[in-house]
Structures are given as structure tokens and as C-alpha cells.
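Any value given below was found using the heavy atoms of this structure, including those in side chains, with hydrogens, waters and symmetry copies removed.
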Amino acid sequence: EEISAHLMGGGGGGAATTDDTSADGNNGELKQEESKEDTTNTNNDDETTTANDELGEAITSFSSLEVSCINPRGKFLLSLHNNGIMLQNPKKAEEQITITKEAVKHAVWFRKPEDYKSLKQLKEGSKKPIPGHMILMCLEDDGITFRKKAMKQICFQLPSYAAPSVETDEDINEEDWYNGLNSSLLSEQKSITRVLATMDAQPSKTKKE
């Protein structure tokens, strides 16, 4: 019984010492992790500042429009700037695509073929929303790098918009976005190539007073 008690006592003391050492080790790991996070946050802030400097001043009336990207895949928030555009992941603010005027070789405005089928099926006076246009940007030779992949093209679809027969509170329509993109992405010597069909000629929407 005395031997058992001695072993139990010694084991307890050893366990306490081990716990203290483990705690010190954990504190060290926590400090290292915090240091890494601080460095990462600093780097992200520096990248964001650089991107904003390149793009110039944001155009406040054209900001945070959610678009569906085909390349790269996913939902992004589109913002227009004086010297380009920014696409930002709404779930990861640090994940951004910045495209300056200088990076764009040419751009195309078009509809998906299946969207024309939807338009054709719309009856006069229909209140179904109209699918938004696609924007394809072909970049200069260097392209950009996103998610560790080189990209030479960026393609996204603008959101659906109200049919002409529907009253809306929206201050900006798709035509305004076309003009905004044209101004942000292209210089006086370039313009967006616009692919239109007869059924694209839609009367102006009625704005709700």
C-alpha cells in the first residue's frame, strides 16, 4: 500500500509538471499564430491600397452590384472606378480581381443564346424579369493571376432586370451599366463591342414616381 501511494503521488506531480510545460508550448504556438495573422492582415491591407491606387476613385453610383462570373466561377461584387473595375468575393473580402484600363485588350457585350429564347417567349406586357447581358473582357498578353491561376479572359453576367412594362424604383438600368463599363474599362480609342439582335431593342422602363 505504501508503494502504491508513493507511485500515485509521484505520478500526480509528474502530470502537473507536464501540463505546465504543455501550457507554455500552447502559448508559444498561439503567439506565433497571432503573429502570422497580423502579417497576413498587413499584406492584405497593402494589396488593397495598391489596387485602389491603380483603379483610381470609385464611382459611388456603380458599386457592389452582385454578378455571376463564368470565368472565374462564382458570385462577385462589381464596382466601377475611374481607371478600371473591381470584382470582390462577398464572402472573402481579401479575394479581389482588379482590372485596369491598360489591362483590357477589348470587351464584348452580348446575350447568351438561351436568353434570347427566353426573350422570344416573353409575351407583350409580361412581368417576368429579363436576363442580364454577358460581359467578356479579353486581357492584354500578361493577363492577371487569380487563385494562383493565370487568366487571359474575365466573363460575367449582369443580374436580371425588370421588363419595360414593370414600374421600378431602380435609379440605374442596364444601359447605364453599359455606359459605366465603357467609361471605366476603355479609352477614347476603344469601346465595347456590342452584339445586338432585333429583340434587344426594348423601350425604356417606366420609373415609379
Side chain to side chain, Leu185 and Met137, heavy atoms closer than 4.5 Å: yes

Main-chain N/O of Asn179 paired to Ser183 side chain as donor or acceptor, under 3.5 Å: no

Distance-minimising heavy-atom pair for Glu174 and Gly132: OE2-CA, 3.2 Å

Close side-chain approach of Lys91 and Lys75, heavy atoms under 4.5 Å: no

Among Ile99, Leu55, Ile97, the one residue meeting side chain to side chain contact (heavy atoms under 4.5 Å, CB included) with Ile85: Ile99

Side-chain heavy-atom pair Cys155, Met134 within 4.5 angstrom cut-off: yes

Side chains of Leu78 and Phe156 in contact at under 4.5 Å (non-hydrogen atoms): yes

OG-CG distance between Ser184 and Asn82, expressed to the nearest 0.5 angstrom: 7.0 Å

Donor-acceptor contact present, side-chain His133 to main-chain Phe110, <3.5 Å: no

Spatial distance of atom OG1 (Thr60) from atom CG (Leu80) [nearest 0.5 Å]: 10.5 Å

Check: Trp109 and Leu136 side chains under 4.5 Å, non-hydrogen atoms: no

Closest non-hydrogen atom pair between Leu158 and Trp177, with its separation: CD1-CB, 4.3 Å

Same apolar cluster: Phe146 and Leu77, side chain cutoff 4.5 Å: no

Lys105 side, atom NZ; Leu139 side, atom CG - distance, nearest 0.5 Å: 9.0 Å

Check: Leu186 and Lys101 side chains under 4.5 Å, non-hydrogen atoms: no

With sequence neighbours excluded, residues passing side chain to side chain contact (heavy atoms under 4.5 Å, CB included) with Gln88: Ala93, Gln96

Shortest non-hydrogen contact from Gly180 toward Phe62: CA-CZ, 4.5 Å

Approximate separation, where rounding is to 0.5 Å, of Ile70 CD1 and Gln157 CD: 6.5 Å

Ile192 side chain near Tyr178 side chain, heavy-atom distance below 4.5 Å: yes

Pairs meeting criterion salt bridge (Lys or Arg N to Asp or Glu O under 4.0 Å) with involvement of residues 142-156, two or more places apart: Glu95-Arg147

Steps toward side-chain contact (heavy atoms from CB on, under 4.5 Å) verdict (Glu140, Glu102): CA-CA 8 Å; Glu140 293 292 351; Glu102 293 76 20; over 6 Å; no

Side chains of Leu65 and Pro159 in contact at under 4.5 Å (non-hydrogen atoms): yes

Distance-minimising heavy-atom pair for Ser64 and Ser79: N-OG, 3.2 Å

N/O donor-acceptor pair under 3.5 Å between Arg111 side chain and Pro131 backbone: yes

